[in-house]
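Just so you know, these numbers come straight off a predicted model, no measurement behind them. Letters go in sequence order (proteins before strands), and every chain restarts at 1.
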2 protein chains.
Amino acid sequence: MANQHHGLDRAFAALADPTRRAIVARLSRGEAAVSALAEPFAIGLPTLLKHIRVLERSGLVATAKSGRVRRCALVPDALREAEAWLGAHITAWESRLDRLEAHLADKERKAGHDPARDTRCDL
Amino acid sequence: MANQHHGLDRAFAALADPTRRAIVARLSRGEAAVSALAEPFAIGLPTLLKHIRVLERSGLVATAKSGRVRRCALVPDALREAEAWLGAHITAWESRLDRLEAHLADKERKAGHDPARDTRCDL
DNA sequence: AGGTTACTTCGCCACATGGCAAACCAACAT
DNA sequence: ATGTTGGTTTGCCATGTGGCGAAGTAACCT
């Protein structure tokens with residue numbers, strides 16, 4: 001199965017869970033201890049801890065223990081990497097569309113004009 | 001288990017697989033048939049088809065069959081949604097950092113100055 | 001010391017996912 | 001009509017995930 005995990009693999013996988021996204025959202029507004037994170041969600045501590053481990057492995061959050069509490073903080077680099085990937089491919093798609101449009105406009109300049117064609121998409 | 005799938009759930013889950021990301025990357029540069037997509041990856045057709053189904057369910061790609069070939073195309077809206085989520089939380093984190101910095105600067109204005117404190121992070 | 005708090009680990013279960021091979025179906029092509 | 005091509009379905013298997021409760025450990029409080 002999908003071994004040889006790329007960083008993005010783990011990052012996106014971590015973000016695929018609503019609980020984990022909520023944790024990230026919470027941490028984006030400040031650090032928090034494990035039990036503080038547990039409160040809003042109706043799930044047990046062991047489960048939450050598992051989520052935190054997943055987030056840690058993905059590089060999205062970092063944790064450190066001081067005394068008996070473990071504080072969790074967001075590490076935005078992984079988030080940025082994921083965002084960058086998405087951005088790159090969105091713009092790739094858009095620029096392709098632009099080229100296509102230009103090409104169609106060019107063709108239409110030489111042939112008859114049918115306004116409806118401009119927005120029609122064959123899929 | 002994670003039932004009641006939010007759109008982002010499926011989108012991020014779909015992007016968590018390298019094969020699927022490669023497919024998205026490929027499609028961001030133009031539509032393609034199933035078999036054309038299969039080529040670069042050393043995996044069987046059934047497996048690839050499963051990937052495509054996952055991508056379809058996630059709203060990242062749309063497919064349509066004409067004759068015996070199925071053409072796949074990217075649907076950038078889901079990508080944009082995911083990007084927006086990431087962007088929102090990255091900026092949230094950054095603005096928190098800014099507030100914190102401002103606060104520290106303020107404190108330091110009133111007390112003695114220790115330059116090393118500015119970049120120190122307690123985690 | 002003894003209790004409380006805050007995690008942590010340890011099974012355990014149900015289910016989704018990624019992979020394959022093999023058989024199958026529907027269009028073209030000849 | 002028959003073969004070939006392109007996709008599709010159908011098992012099957014191994015692994016990972018999300019959830020739980022129960023028991024364990026390591027601070028901290030009194």
Side-chain angles (χ1 to χ4, degrees), chain A residues 1-24 26-27 31-73 123, chain B residues 1-24 26-27 31-73 123:
Chain A
M1 202 186 294
N3 39 5
Q4 177 64 29
H5 274 303
H6 190 296
L8 286 179
D9 286 27
R10 295 187 185 280
F12 281 128
L15 292 170
D17 185 273
T19 307
R20 246 134 42 196
R21 276 201 310 281
I23 292 178
V24 168
R26 172 78 156 75
L27 290 180
E31 306 181 18
V34 170
S35 50
L37 286 176
E39 272 184 35
F41 318 111
I43 68 178
L45 265 197
T47 308
L48 185 107
L49 201 39
K50 238 190 225 178
H51 282 304
I52 293 183
R53 296 300 187 204
V54 172
L55 286 167
E56 237 179 330
R57 246 192 330 161
S58 77
L60 286 169
V61 318
T63 77
K65 198 159 181 177
S66 66
R68 65 186 157 166
V69 324
R70 157 162 263 127
R71 321 221 76 228
C72 310
L123 185 57
Chain B
M1 202 184 295
N3 41 2
Q4 178 63 31
H5 275 302
H6 190 299
L8 286 179
D9 287 26
R10 294 186 187 280
F12 281 128
L15 292 170
D17 185 274
T19 308
R20 247 135 39 196
R21 276 201 310 281
I23 293 178
V24 169
R26 171 76 157 73
L27 291 180
E31 306 181 18
V34 170
S35 50
L37 286 176
E39 272 184 34
F41 318 112
I43 68 178
L45 263 198
T47 308
L48 185 106
L49 201 39
K50 239 189 223 178
H51 283 305
I52 292 182
R53 296 301 188 202
V54 172
L55 286 167
E56 239 179 329
R57 243 191 334 160
S58 76
L60 286 168
V61 319
T63 77
K65 198 160 180 177
S66 67
R68 64 186 160 169
V69 325
R70 158 162 261 126
R71 320 221 79 231
C72 310
L123 184 56

Closest non-hydrogen atom pair between B:Cys72 and B:Ile52, with its separation: SG-CD1, 4.0 Å

On the nucleotide D:dC20, are OP1 or OP2 found under 4.0 Å from the side-chain N or O atoms that A:Lys50 carries? no

Base, sugar-phosphate, or nothing for B:Arg57, non-hydrogen atoms under 4.0 angstrom? sugar-phosphate

Between CD of B:Glu39 and C1' of D:dT5 the distance, given in whole Å, is 14 Å

Can you tell which of D:dG18, C:dC20, C:dA6 lies closest to the side chain of A:Asp17? D:dG18

It should be established whether B:Thr47 places a side-chain nitrogen or oxygen under 4.0 Å from OP1 or OP2 of nucleotide C:dC20. yes

Rounded to whole Å, CG of A:Leu48 lies from P of D:dG18 at a distance of 12 Å

Between C:dA6, D:dG7, C:dT8, which one does the side chain of B:Leu45 approach most closely? D:dG7

Atom CG in A:Asp17, atom NE2 in B:His6: separation rounded to 0.5 Å? 12.5 Å

Could you tell me whether a side-chain N or O of A:Arg20 sits under 3.5 Å from a main-chain N or O of A:Ala13, the two making a donor and an acceptor? yes

Atom CZ of A:Phe12 and atom P of C:dG18 are separated, to the nearest Å, by 15 Å

Ignoring backbone atoms, establish whether B:Arg20 has a side-chain N or O less than 4.0 Å from OP1 or OP2 of C:dT17. no

Table of protein N/O atoms under 3.5 Å from nucleotides 27-29 of chain D N/O atoms:
none

What does B:Ser35 touch in the nucleic acid at a heavy-atom separation under 4.0 angstrom: a base, only the sugar-phosphate, or nothing? sugar-phosphate

Integer-rounded Å distance: D:dT25 P and A:Arg70 CZ: 18 Å

Of the non-hydrogen atoms in A:Phe41 and A:Ile23, which two are nearest, and what is the gap between them? CE1-CG1, 3.9 Å

Heavy atoms only, 4.0 Å cut-off, all strands: where does B:Ala13 land among base, sugar-phosphate and nothing? nothing

Considering all heavy atoms, the nearest B:Ala32-B:Arg26 contact: CB-NH1, 3.6 Å

Ignoring backbone atoms, establish whether B:Arg53 has a side-chain N or O less than 4.0 Å from OP1 or OP2 of D:dT9. yes

Separation of atom CZ in A:Phe41 from atom C1' in D:dC20, rounded to whole Å: 18 Å

Quickly work out the A:Ile52 CD1 to C:dT9 C1' distance and round it to whole Å. 15 Å

How many whole angstroms separate atom NZ of A:Lys65 from atom P of C:dC7? 8 Å

Looking at residues at least two apart in the chain, or sitting in another chain, which of them share a side chain to side chain donor-acceptor pair (under 3.5 Å) with B:Arg53? B:Glu56

Are the side chain of B:Arg21 and the backbone of B:Leu15 linked by a donor-acceptor contact shorter than 3.5 Å? yes

Testing the basics here: between B:Ala11 and B:Leu60, what is the closest heavy-atom pair and its distance to 0.1 Å? O-CD1, 4.0 Å

In this structure, how many angstroms lie between the C1' atom of C:dA21 and the CD1 atom of B:Ile43, rounded? 15 Å

Does A:His51 make a side-chain N or O approach to OP1 or OP2 of D:dT17 shorter than 4.0 Å? no

